[in-house]
Amino acid sequence: MNILFEGVNGSGKTTLINEFRKVLEEKNIPFNYISDLETDTPLNPVLKQMFSESVFLQMGNNFKTSLFESLVLAADHHYIQEMHRNDKGITLYDRDFISVLAYQKDIIKQDYPEDWEDFYSAFRKIMLYHLKKIDILCYVSVPTEENIKRTELRDNRLFSEEEKKTLYALKTNMEEEITSYCAKHKVLLLRLDGRENATENVKKIIAGIKQLHKDKSPKVDETDRGKDMEL
């Protein structure tokens, strides 16, 4: 069972994932945890330098085009996906293709104002190509002003007006992509308030897993059923 967690910076996503992991460990339920920033791939050195340039991955002196950036992120996404495509049990993805698409869409618009739609359409097809099965998508959100406040406090820095504008845009992009993808592919979407107690949100995730089993959804791999039902 693949569970994706999506949400912009400061949404409470990481806190929720950590609480859910703790519950799984306490119940001795095996799981895999995949973070787009922590998973070791051949592209890690490039990604680290890209992230050091800006909180939003916008290009600095060394990486000047979103074409380069987008293709590096797509390659990293597919590398991680193929590493874990055949994992058994529960696999938790801390950010995945939704985040990449949301972050890059606005940057591509800025870099290629005349034909951004062509580039973005091609990039999106690459990201979604042979995509792994997704059972549950947990979208963790708070008001955008709270995202900014939390991120500034966490990173001990102030957002520029341009960064605030980018954050609003990428959050819109993320919500549009999540709604569209889950509706089209019949993925269970859990909209979770990041201001709510993490323990309560974990209960909602567990309820979602049990509901999938109850409905005997074809999206749930039969080999995963035994352990998941012990939640």
Side-chain angles (χ1 to χ4, degrees), residues 4-11 13 34-39 41-82 93-132 134 137 139-141 144-145 147-148 151-152 155 157-185 187 189:
L4 273 58
F5 290 82
E6 295 283 7
V8 301
N9 293 343
S11 64
K13 174 178 57 61
I34 315 300
S35 170
D36 64 343
L37 302 182
E38 298 175 8
T39 301
T41 77
L43 291 165
N44 275 167
V46 179
L47 289 169
K48 286 179 180 178
Q49 189 167 356
M50 286 164 60
F51 270 103
S52 70
E53 296 282 350
S54 167
V55 67
F56 293 120
L57 277 178
Q58 291 169 301
M59 295 295 89
N61 294 328
N62 297 314
F63 306 108
K64 296 183 179 180
T65 71
S66 54
L67 172 60
F68 173 88
E69 176 182 290
S70 299
L71 294 179
V72 168
L73 289 168
D76 190 67
H77 160 76
H78 281 286
Y79 187 95
I80 294 173
Q81 175 172 270
E82 295 313 310
Y93 287 87
D94 185 352
R95 283 186 173 165
D96 203 71
F97 74 99
I98 295 287
S99 284
V100 177
L101 290 175
Y103 276 72
Q104 291 307 106
K105 186 175 184 178
D106 196 58
I107 294 172
I108 290 170
K109 281 184 179 181
Q110 294 176 37
D111 285 358
Y112 303 93
E114 295 182 0
D115 58 356
W116 74 268
E117 290 175 309
D118 291 338
F119 178 10
Y120 182 73
S121 176
F123 172 62
R124 189 175 185 278
K125 288 179 180 178
I126 292 173
M127 287 297 299
L128 298 182
Y129 179 72
H130 200 36
L131 190 67
K132 58 186 170 289
I134 300 169
L137 197 156
Y139 174 50
V140 188
S141 67
T144 307
E145 294 77 10
N147 288 119
I148 295 171
T151 304
E152 288 182 334
D155 297 343
R157 63 184 294 276
L158 295 178
F159 272 44
S160 67
E161 290 304 313
E162 188 63 29
E163 286 176 331
K164 290 179 182 179
K165 180 180 177 181
T166 299
L167 181 62
Y168 275 96
L170 73 87
K171 191 169 184 179
T172 297
N173 295 341
M174 180 173 288
E175 292 176 352
E176 289 176 349
E177 186 66 51
I178 286 173
T179 301
S180 172
Y181 187 86
C182 289
K184 181 177 180 180
H185 297 279
V187 173
L189 172 59

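All values derive from a computational prediction rather than experimental measurement.
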*Asks:* Measure the CD1-OG distance between Ile107 and Ser70 for me, rounded to the nearest 0.5 Å.
*Replies:* 7.5 Å

*Asks:* Flag the pair Lys132 and Asp96 as a salt bridge only when some basic side-chain nitrogen lies within less than 4.0 angstrom of an acidic carboxylate oxygen.
*Replies:* yes

*Asks:* Using the side-chain contact (heavy atoms from CB on, under 4.5 Å) rule, take Arg95 and Tyr103 through it: C-alpha gap first, then chi angles, then the decisive distance, then the call.
*Replies:* CA-CA 11 Å; Arg95 283 186 173 165; Tyr103 276 72; 3.4 Å; yes

*Asks:* Side chains of Tyr112 and Glu117 only: does a donor on one sit below 3.5 Å from an acceptor on the other?
*Replies:* no

*Asks:* Which value, rounded to the nearest 0.5 Å, describes the distance between Cys182 atom SG and Ile98 atom CD1?
*Replies:* 6.5 Å

*Asks:* Could you please spell out the steps behind the side-chain contact (heavy atoms from CB on, under 4.5 Å) verdict for Leu189 and Tyr181?
*Replies:* CA-CA 10 Å; Leu189 172 59; Tyr181 187 86; over 6 Å; no

*Asks:* Which pair of non-hydrogen atoms, one from Phe123 and one from Ala74, has the smallest distance, and what is that distance?
*Replies:* CE1-CB, 4.0 Å

*Asks:* Leu137 and Val187: which non-hydrogen atoms are nearest, and at how many Å?
*Replies:* N-CG1, 4.0 Å

*Asks:* If I take atom CD from residue Gln104 and atom CG from residue Leu170, how far apart are they, to the nearest 0.5 angstrom?
*Replies:* 10.5 Å

*Asks:* Does the Thr39 side chain pair with the main chain of Ser35, one donor and one acceptor, at a distance under 3.5 Å?
*Replies:* yes

*Asks:* Taking Ser11 for the side chain and Val8 for the main chain, is one N or O donor matched with an acceptor at less than 3.5 Å?
*Replies:* yes

*Asks:* May I have the step-by-step check of side-chain contact (heavy atoms from CB on, under 4.5 Å) for Ile80 and Thr41, ending in yes or no?
*Replies:* CA-CA 7 Å; Ile80 294 173; Thr41 77; 3.7 Å; yes

*Asks:* With rounding to the nearest 0.5 Å, note down the distance linking OG in Ser160 to NZ in Lys165.
*Replies:* 11.0 Å

*Asks:* If we ignore angles and hydrogens, is there a donor and acceptor under 3.5 Å between the side chains of Glu163 and Tyr168?
*Replies:* no

*Asks:* Going from OG on Ser180 to NZ on Lys184, what distance comes out if it is rounded to the nearest 0.5 angstrom?
*Replies:* 7.0 Å

*Asks:* If I compare all heavy atoms of Phe97 with all of Ile134, which pair ends up nearest, and what's the gap?
*Replies:* CE2-CD1, 3.4 Å

*Asks:* State which residue, out of Glu6, Lys13, Glu175, fulfils the side chain to side chain donor-acceptor pair (under 3.5 Å) condition with Tyr139.
*Replies:* Glu175

*Asks:* Using only atom types and a distance under 3.5 Å, with no angle test, would you say the side chain of Glu176 pairs donor to acceptor with the backbone of Ala102?
*Replies:* no

*Asks:* Check whether any side-chain N or O of Asn147 sits under 3.5 Å from a backbone N or O of Asn9 as a donor-acceptor pair, and report yes or no.
*Replies:* yes

*Asks:* Would you indicate whether the side-chain heavy atoms of Tyr120 and Leu101 approach each other to under 4.5 Å?
*Replies:* yes

*Asks:* With Arg157 as the cation and Phe159 as the aromatic partner, state whether NZ or CZ is under 6.0 Å from the six-membered ring centre and within 45° of the axis.
*Replies:* yes

*Asks:* Taking the side chain as every heavy atom from C-beta outward, state whether Ile126 and Leu71 have any pair of such atoms under 4.5 Å apart.
*Replies:* yes

*Asks:* Evaluate the side-chain contact (heavy atoms from CB on, under 4.5 Å) criterion for residues Glu82 and His77: first the C-alpha distance (whole Å), next the side-chain angles of each, then the deciding distance (0.1 Å), finally the verdict.
*Replies:* CA-CA 9 Å; Glu82 295 313 310; His77 160 76; over 6 Å; no

*Asks:* Kindly give the heavy-atom pair with the smallest separation between Leu43 and Val72, and that separation in Å.
*Replies:* CD1-O, 3.6 Å

*Asks:* Do we see a donor-acceptor contact under 3.5 Å between the side chains of Asn173 and Glu177?
*Replies:* no

